Number of protein chains: 2
Amino acid sequence: MDRTQGRTARRSAPRGTYPVGDERRARILDTAVDHFAQWGFHASSLARIAKDVGITQGGLLHHFRSKEDLLVSVLRHSDEQDSERFFSPDPRSAAEAFESLIELARYNSQRPGRTRMFNMLAAEAGEHGHPAHEYFIHRYRTIIDKNTETLRLAVERGELKPGIDYAGISAESIAVMDGLQLQWALAPDTFDMTGRLRTYLDRLMRQISADGSGLPGRT
Amino acid sequence: MDRTQGRTARRSAPRGTYPVGDERRARILDTAVDHFAQWGFHASSLARIAKDVGITQGGLLHHFRSKEDLLVSVLRHSDEQDSERFFSPDPRSAAEAFESLIELARYNSQRPGRTRMFNMLAAEAGEHGHPAHEYFIHRYRTIIDKNTETLRLAVERGELKPGIDYAGISAESIAVMDGLQLQWALAPDTFDMTGRLRTYLDRLMRQISADGSGLPGRT
DNA sequence: GTCTATATCTAGATAGAC
DNA sequence: GTCTATCTAGATATAGAC
């Protein structure tokens, strides 16, 4: 919220100081991603994060008033980027929605820090009272509901078979992604996460599509 | 290792003190499961664990020489119990192996502490240098390899279709379990984890079984 | 087997100098 | 915007009394 106000203020008073602050904030956020990925929220340390950024703890707390504020900012920042990149235009078909998931997995395999962070925080947030508990509950519900709605529309268009529990299918697809990311974080070089998700979604598509076809193959 | 020696000593000198120690150790292990579930390894505190057990930190460190020793003991203890209970007799068919997985999921839904602990530690252990990093790499490789071998034998017996990537299928099944457990830990009352795993495995079975049948239905 | 005491270190947050 | 200083609290681990 402070950040938003800062940006608004910048527009009305376009002096040269704010952009520097924005860049510093961005570097703090990036560094925090790696720390939350390694330590989770509880065991992360503002002093260590600040040291990695190259400032002191006091300096960091000028930009984020508390550790919890930093966590919330990191999560919101991360998810905003992704929803713009992967989920902003409504998919025109179920196959296209599945392709978006595969694209997201591919992207995640190129940013291990962020991927590990979500593995870590999603697990940690299972506890009532964790500062991101409600956030993650809402996050999963939103993603799964949106996915379910996409599949429901595909049924109406005759792409997918009717009479299937598509809410269950949606939750299952996300579970496969998360589970594969967990294995991948442990041993990234031992298997192709993107390929394995594609195999799963292709088999799924064959079973639920009205004409029995899978995803369009790549080359 | 100290524990093993202690048990050996008990046999040769059967005085009445050791069983008390064993019971105390068991209570420490149980309590530690809940703490590792909530805090992970790094953010857990020996003093808080000891307080929950009803002893002091010094007392706890008599039984486990360090925090890391406690972690390793908890993991080994947990996995020993489960492999005896679910994976000890070789399954006679792929369907039976899948049923074991479903049974495990059902059991896990009845012990949220242990389930959350494995969610948490598996994510935390993704980092190189985590005291359970190698443990979890080995754990996944063992589980998936064993699963793969079971499916391979089923192919030889003509139960399952040949020409399918059964190593991939095995990793995928474990991913579904883990992903569902992650969602379940966040909101246990909103969905039936066991039922959802059964739905997935039944659909999978229909697609890979030689005669196209799924899992035997439950009444 | 458990206690107390202690050493050493690190945590998050606040206040105020520059 | 970043620093230093400071406060309170809590961490792991060791040593030795009982």
Side-chain angles (χ1 to χ4, degrees), chain A residues 2-3 5-7 9-10 13-29 31-32 35-36 38-74 124 129-132, chain B residues 2-3 5-7 9-10 13-29 31-32 35-36 38-74 124 129-132:
Chain A
D2 269 340
R3 272 173 58 224
Q5 284 172 0
R7 283 193 181 137
R10 179 158 53 125
R15 293 277 192 80
T17 57
Y18 284 96
V20 177
D22 276 6
E23 197 265 342
R24 174 55 46 97
R25 256 192 287 270
R27 281 195 43 214
I28 295 174
L29 288 172
T31 307
H35 280 252
F36 289 145
Q38 175 167 191
W39 303 97
F41 172 75
H42 294 304
S44 282
S45 145
L46 291 181
R48 282 197 304 257
I49 295 170
K51 193 180 176 187
D52 267 15
V53 174
I55 58 177
T56 62
Q57 194 213 159
L60 193 159
L61 284 171
H62 169 77
H63 299 281
F64 303 93
R65 69 184 51 173
S66 71
K67 195 182 173 185
E68 196 167 324
D69 181 34
L70 178 59
L71 174 71
V72 172
S73 301
V74 164
E124 205 180 22
H130 188 283
Chain B
D2 268 341
R3 272 173 59 226
Q5 285 173 357
R7 285 192 177 136
R10 177 160 55 123
R15 292 277 191 80
T17 56
Y18 284 97
V20 177
D22 275 4
E23 197 265 343
R24 173 57 44 96
R25 256 192 288 270
R27 280 195 45 214
I28 295 173
L29 288 172
T31 308
H35 281 252
F36 288 145
Q38 175 166 192
W39 302 97
F41 172 73
H42 293 303
S44 282
S45 146
L46 291 181
R48 284 198 303 258
I49 295 171
K51 193 179 177 188
D52 268 15
V53 175
I55 58 176
T56 63
Q57 194 215 172
L60 194 158
L61 283 171
H62 169 76
H63 297 282
F64 302 93
R65 69 183 54 170
S66 71
K67 195 182 173 185
E68 196 168 322
D69 180 35
L70 177 59
L71 174 71
V72 172
S73 301
V74 164
E124 205 181 22
H130 188 284

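The structure presented is a predicted model; accordingly, all values stated were derived computationally and were not measured. A, B, ... follow the sequence lines: proteins, then strands. Residue 1 opens every chain.
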* Structure fact -> Distance col, row A:R24:CZ vs A:H62:NE2, nearest 0.5 angstrom, shows 10.5 Å
* Nearest heavy-atom pair of A:T31 and A:I49: which atoms, and what distance? -> CG2-O, 3.9 Å
* Footprint string (nucleotides 11-18 of chain C, 5' to 3'): B base within contact, S backbone only, - free, heavy atoms under 4.0 Å -> SBBB----
* Give the nucleotide from the list C:dC3, D:dT2, C:dT2 with an atom nearest to the side chain of A:H63. => D:dT2
* To do: Just jot down the ring pair (Phe, Tyr, Trp, His ring centres under 6.0 Å) partners of A:H42, sequence neighbours excluded, or say none.
  => A:H130, B:W39
* Would you say A:H62 reaches D:dT2's phosphate, i.e. side-chain N/O to OP1/OP2 under 4.0 Å? -> no
* Nearest-Å distance, CZ (B:F64) to C1' (D:dT14)? -> 19 Å
* Asked: Between D:dG1 atom C1' and A:D22 atom CG, what is the distance in whole Å?
  -> 13 Å
* Distance in angstrom units between A:R25 CZ and D:dG1 P, rounded -> 7 Å
* Structure fact -> Atom CG of B:L60 and atom C1' of C:dT2 are separated, to the nearest Å, by 11 Å
* **Under 3.5 Å donor-acceptor, A:R27 side chain and A:V53 backbone** => yes
* Asked: B:E23 has an atom CD; how far is it from atom P of C:dG1, in whole Å?
  -> 13 Å
* **Non-neighbouring partners of A:S66 that pass side-chain contact (heavy atoms from CB on, under 4.5 Å), sequence neighbours left out** => A:E68, A:D69
* Structure fact -> Residues B:I55 and B:L60: closest non-hydrogen pair is CD1-N, 3.5 Å
